[in-house]
Amino acid sequence: MSIIRVRFAPSPTGPIHLGGIRTALYNYLLAKKYNGKFILRIEDTDQNRYLHNAVSYILKSLKWCGIEPNEGFGYGGGPYEPYIQSKRSYIYKFYINYLLKNKYAYYAFDTNKDLEIKRNEYKKLGLNFSYDHRIRMSLNNSLTMTKENLIKKLKCNIPYVIRFKVIPGLVLKVNDMIRGDIKFNTNYLDDKVLLKSNGMATYHLANTIDDYTMKITHVLRGEEWISSMFIHILIYKSFGWAPPNFAHLPLILNKNGKGKISKRNLNYFKFPLFPIEWKEPSTNKKIYGYKELGYFPDAFINMLAMLGWNPGNNREIFSLEELVNFFSIKKINKSGVFFDKKKAIWFNKQYIIKNKNKIFLFLAKELKNRSILFDNNFLWKVIDLTIDRINFIYEIWDHTYYFFIEPDNYDKSFISKIKDKNYVIKNINILLNKLNFNSFNELKCIFSELENKKFFMKLIRFSIVGSLKGIELFKILEMIGKKQSIKRIKKFIKKIESQVY
RNA sequence: GGCCCAUUCGUCUAUUGGUUAGGACGUCAGGUUUUCAUCCUGGAAAGAGGGGUUCGAUUCCCCUAUGGGCUACCA
């Protein structure tokens, strides 16, 4: 079998999102599994929507996700350079001449305005205008004019596009590795523009030529491309080329609205779309990505992989390496999927325990930033005691601060519940004298025979933590020790004493 | 409107002619945690509808419905 070559071919018209990353991921997995090549090709044939920072964003995103290509744009040269379509015009020109010469394509001089008028006319009649075999002979193109007239027009630099001449009436069958055979009738195809009036190729031309010349064996892309696969097949046919294998991935859909996720209607979505932070060039507004929201890249990738693919059993947690191992196109699902934010959070939680070191480093940094001295062993103990309470790394401080610092403010709702402060002050002092703060078991023992113990435990928790949260109280007391415990309790008592009811 | 793709618990999915239709997230209830979260146990929850084919259909075929995609000199 020849070497597998797959490509990820984003267009730099905006930030790459969830769906794009998943497409890249599946391509990556297939390439890695069979020791093939994963190629990055930039499809920048749309000059109007081109965004200058989109390319670097794509590169940075793939890097953060850990699914970097091993050939293509930004990854060194390769045998099929250049890997950016705006630099490949000369190649497209060569092939378009072949198409023209062999009557697979033709010049069309209809202006946008002409077509606009046509479209409106059709619309009024309740019809849909389509530049196709039925009407091409009534439009302003090289099929309907004399050779002399055509040459004259070309000499005068009248703007034109080159359109593909669809052969009608063919029923073709094309295999999709995920969906099986798909039949289509070329009658429904329109004569797609292959070369724009500005001399740039359109997606359809550039994509087919690039996939062929770059020896792409498998095309894994979103389901939205199924329709244009038909025209691509026809283009391959006219060149006499064998098309690559196709696999059209199910779309990730927007649950709270309608339609597929898209970079064109950002505000529409109730879940994060981007892998890393994106800065809107027009407004300079920053939009957080999964990275900034605290997701681990491996958790993010794991979650994405399971959105449309599964290994055929109940297992859900996979490292990237394991995904490579188990990946199979055959197990990719057909139907569109809705993103579930809660499940995404759950995925991240599964990676918290695997990333204990990172949590240690993060917490150590938090402490250093606050100029708090700490002991490494103590810190590890704290993390072990609290790690199962967090979903994201940044949450750790909120669950551990009380091991290091006194609470500086207290939740008012508890204090206001204390009706008889004299009773409290009297009893807490008796209690403090009895307690051995260095022994978890003794603490437990003394409290178990205490009258009104629930209240006093809450009170002590409150003075230590500042609110009614945190790990087992006796464990906290044991960890922070007698001196610190008593200090915090006394401070809180003072607060109660000064309180006017 | 036309063409194409899809359809199993709320969500992601397993089961590719014979299962009490399984798991995960979420949800609900109970337990542990003398707080909160975690954790544990249990519950509710599904093969869109209608026709076929078959001894037997979630599984194969057709129709309808629903969702989605495309229908640009956008990708």
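For the numbers below, each heavy atom of this structure counts, side chains included, while hydrogens, waters and symmetry mates do not. Here is the naming used below: chain letters follow the sequence lines, and residue numbers restart at 1 for every chain. This one's a predicted model, so the numbers in the text were calculated from it and none came from an experiment.
When ring centroids are compared, A:W346 and A:Y351 stay outside the 6.0 Å threshold.
Across the interface with RNA chain B, nearest-nucleotide mapping of A:I471 and A:Y188 shows A:Y188 to be the residue nearer the 5′ end. Annotation: of the two residues near RNA chain B, A:E223 and A:K458, the 5′-most nearest-nucleotide partner is A:E223.
Taking only distance into account, the side chain of A:R179 never meets the base of B:C5 through a donor-acceptor pair shorter than 3.5 Å. A donor-acceptor contact under 3.5 Å is not formed by the side chain of A:R389 with the base of B:U38. Side-chain to base pairing of A:R163 with B:C73: no donor and acceptor N or O lie closer than 3.5 Å to each other. A:S197 contributes a side-chain N or O that forms a donor-acceptor pair with the base of B:C73 under 3.5 Å. Not a single donor-acceptor contact under 3.5 angstrom links the side-chain atoms of A:K192 to the base of B:A72.
Nucleic acid contact for A:D132: none, since no nucleic acid atom lies under 4.0 Å from a heavy atom of the residue. Across all strands shown, A:V161 has heavy atoms under 4.0 Å from base atoms, whether or not it also approaches the sugar-phosphate.
Ring geometry for A:F360 versus A:W380: interplanar angle under 30°, hence parallel rather than tilted (30 to 60°). Using a 30° and 60° split on the angle between ring planes, A:F492 and A:Y410 fall in the tilted class, from 30° to 60°.
You'll find that the side chain of A:K342 is closest to B:C25, out of B:U35, B:U34, B:C25. When distances run from any side-chain atom of A:F230 to the nucleotides B:C4, B:C12, B:G22, the shortest one goes to B:C4. Closest contact between the side chain of A:K349 and the listed nucleotides B:U38, B:G1, B:C73 involves B:U38. Nearest to the side-chain atoms of A:K334 among the listed nucleotides B:U7, B:C12, B:A24 stands B:U7. When the nucleotides B:G69, B:G68, B:C73 are ranked by their closest atom to the side chain of A:L253, B:G68 comes out on top. Out of B:G69, B:C12, B:C4, the shortest distance to the side chain of A:L307 is found at B:C12. For A:N128, the listed nucleotide lying nearest its side chain is B:U71; candidates were B:A14, B:U71, B:C4.
Here A:R41 pairs with A:E43 in a salt bridge; the nearest charged N to carboxylate O distance falls below 4.0 Å. Using a 4.0 Å cut-off between charged side-chain N and carboxylate O, A:D340 and A:K342 make no salt bridge.
B:C74 makes up no base pair with any nucleotide shown, lacking Watson-Crick or G-U wobble contacts both under 3.5 Å. B:U59 is unpaired under the criterion used here, namely a Watson-Crick or G-U wobble arrangement in which both key atom distances are under 3.5 Å. Searching all strands for a Watson-Crick or G-U wobble partner of B:A65 with both distances below 3.5 Å returns B:U7. Base pairing annotation: B:U15 forms no Watson-Crick or G-U wobble pair, as no partner gives both donor-acceptor distances under 3.5 Å.
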